[in-house]
Amino acid sequence: MATLGELASLIRSKNAGPFWLTFDILFDDEASFERVISSGLITYQSVSEMLGFRQEDILLKVLRPALAIKISVPRPMVQGNLGESDMYAGQQYAPLVTMTVPDIGAR
Amino acid sequence: MKDTHFLERDPLAERRVRVLSPTGVLGAGFKETSLQRGVEKLPHVIACDGGSTDSGPHYLGSGQPKLSREATRRDLRLIMLARDVLDVPLLIGSCGTAGTDAGVRWIRDLCLEIAEEEDLSFRLACIYSQQQTEDLVDYWRAGVITPLPAAPPLSEQVLRRCEHVVGMMGHEPLGAALEQGADIILAGRATDTSLFAAVPLRNGMHPGASWHAAKIIECGAACAENAWADSILAHVGEQDFIIESLDPDNPVTPRGVAAHTLYENADPLLLQEPGGTLDTSLAEYLQLDSNCVLVSGSQFNESTTYTVKLEGASLSGFQTVVIGGIRDPYIIRQLDSWLGAMQQQFAERVELLYAGRLSPNDYDIDIKVYGRDAVMGAFEPGGNGLPHEVGILFTVTAPSQEQARNIAKFVSHAGAHFPIPEWKGIISSIAYPFSPAEVDRGAHYQFALNHVVTVQDPLELFRFEFSLAGEKI
């Protein structure tokens, strides 16, 4: 079994403006991309459990030409408000890196 | 060699508007060789983004730019010299990072300084985007200011409390300045894309292609295989567009260009502009050669109303910080209770020293524990065991710098000797690298608006100023 970090070419998080937080999972090759898509790993529920957001807040998009999965949520705190810990929201994706990708067929 | 026989046409031979993007943000830098290669392609326009909200509310709140004068000047000078050689329009937007009036003037002054040194002459247009409070209140009372998703609550009071509010212009004000013969346009806050889409749209190029190309090149060469700060070129046509790399060591690929469409957006398929929506859901990306990617299928759907996004920032207070480290395993294993008791003592001390002058709502003492959960806060899944060392960051926010500093003084002092039950006698519990341990941070601002105002005229929120620079006009 592999982790998402091992299969992805890039996992990142960033502000999408001051009020939204977005995560990108990108792949270099179709095989890795298809493996993760067909594994059923990334769902509204799994994202909710792994990152701690409510399912109804999650926007989940697959962009095939980019071999990318995108997860977006309203930013838990408006960027720069008192208590800000990550101005660029660049270090919020860590739990995704070690997610285990189930083998194909094992849902 | 290009091998596009499968297309039954040569896309690069068609009528296209060439847009040169020197770098992702003015001041980030670029290779002179890349810019020069871009100039040799004879672009019809040079456009560069001067800022964004990405670095936080400080720049909109204070009106100060994020990047240095030296870095900004270096880029601006080379770009102005290129413009002069080509004699094409140069558009720079979101000047001074936040696009305030002060930001536009800052770039204008740099621009005129360079013009004099290099003996350049041109028609200059400045387009200001800052909004007057009373005008905003009028729009608010008229009911035409509406929230975007995840907007904070808005009221007249919130509008009045903003230090600066800017409206994000679309391509229309830029087009109006071009219509007046402007060679260099320095704009306040503008959508990143409008700077790059303005000239293609003005020349009747495909709107979907114009806006999507703009989205790809607004970060410069970030869409290429190596995300260096560098120049890039778009050829915008009547049905599609081409992205061309200007550095042979940095190719562009269909996947890379498609991936950049989703950078910093919540929704990569539907991208809002003031006058409509860019729909990239049917876009197709094709490698023409190692330097070029052809993109087709993007559509721009005009909306019936025209909405201008407002950005505003208000002052939340002044800050002083204290940073230190902890190495004692006994303290590290009881941080929650230890820090909780410390916060309790801080509250009592403020009450004692500032009785009647500061209520609990007036100030804030934030504590972050690096090595445990400082970066992710409540979202930290944890489960990694105890670290052998942690960093502690106290951030004090109060109505004045003096109050913040004075509160920070007893934070650092109390924190330094805060006891744990295991040790009998006075301890020094926090390792401070500095004396004084307190460091003033200055003013702290917060974003206050995520709203749009519906207007009748795309130009009505913006002010124009035309002038001539240099001798020979």
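The figures that follow rest on heavy atoms only: side chains count, while hydrogens, waters and symmetry mates do not. Letters go in sequence order (proteins before strands), and every chain restarts at 1.
At a heavy-atom cut-off of under 4.5 Å, chain B is reached by A:N15, A:A16, A:G17, A:P18, A:F19, A:W20, A:T22, A:D24, A:L26, A:F27 from residues 15-27 of chain A, listed in order of number.
Summarising the geometry, atom CG belonging to B:L262 is positioned 12.5 Å from atom NZ belonging to A:K14; distances are rounded to the nearest 0.5 Å. Atom CD in A:Q79 sits 6.0 Å away from atom OG1 in B:T53 (nearest 0.5 Å). How far CE of A:M77 is from CD of B:Q446: 9.0 Å, rounded to the nearest 0.5 Å. The distance from atom CG of A:D28 to atom OG1 of B:T253, rounded to the nearest 0.5 Å, is 9.0 Å.
Counting all heavy atoms, side chain and backbone alike, B:P57 lies closest to A:G80 at CD-CA, 3.8 Å. Of all non-hydrogen atoms in B:V375 and A:Q92, the two that sit nearest each other are O-NE2, 3.0 Å.
Listed options B:S55, B:P149, B:A259 were ranked by heavy-atom pairs under 4.5 angstrom with chain A; first place goes to B:S55. When each of B:G317, B:A283, B:P268 is checked for heavy-atom pairs under 4.5 Å with chain A, B:P268 comes out on top. Annotation: maximal heavy-atom pairing with chain B below 4.5 Å, among A:A68, A:P74, A:P65, A:A89, occurs at A:P65. When each of B:T261, B:D366, B:N265, B:T280 is scored by its heavy-atom pairs under 4.5 Å with chain A, the top score falls to B:N265.
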Just do the side chain to side chain contact (heavy atoms under 4.5 Å, CB included) check on B:M376 and A:D86 with the steps written out, would you?
CA-CA 8 Å; B:M376 294 190 71; A:D86 188 355; over 6 Å; no

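No more than 12 heavy atoms of other residues, nucleotides or ligands shown are found within 6.0 angstrom of CD on A:E30.
Proximity to chain B (any heavy atom under 4.5 Å) is shown, for A:R64, by neither the backbone nor the side chain. Looking at A:L59, the atoms closer than 4.5 Å to chain B (heavy atoms on both sides) all sit in the side chain, from C-beta outward. For B:A266, the parts lying under 4.5 angstrom from a heavy atom of chain A are both the backbone and the side chain. Looking at B:L449, only its backbone comes within 4.5 Å of chain A, counting heavy atoms on both sides. Both the backbone and the side chain of B:D54 come within contact range of chain A, judged by heavy atoms closer than 4.5 Å. Neither the backbone nor the side chain of B:A313 comes within contact range of chain A; no heavy atoms are under 4.5 Å apart. Interface remark: B:Q319 contributes side-chain atoms only to the contact with chain A (heavy atom separation under 4.5 Å). For B:Y445, the part lying near chain A is the backbone, with the side chain staying farther off; criterion is any non-hydrogen pair under 4.5 Å. Residue contact with chain A, scored on non-hydrogen atoms closer than 4.5 Å, is absent for B:L148.
Taking the side chain as every heavy atom from C-beta outward, A:L51 and B:F379 never approach each other to under 4.5 Å. No side-chain heavy atom of B:D267 sits less than 4.5 Å from a side-chain heavy atom of A:K70.
Looking at residues two or more places apart in sequence or on another chain, you find no side-chain hydrogen bond (donor to acceptor under 3.5 Å, both in side chains) involving B:E380.
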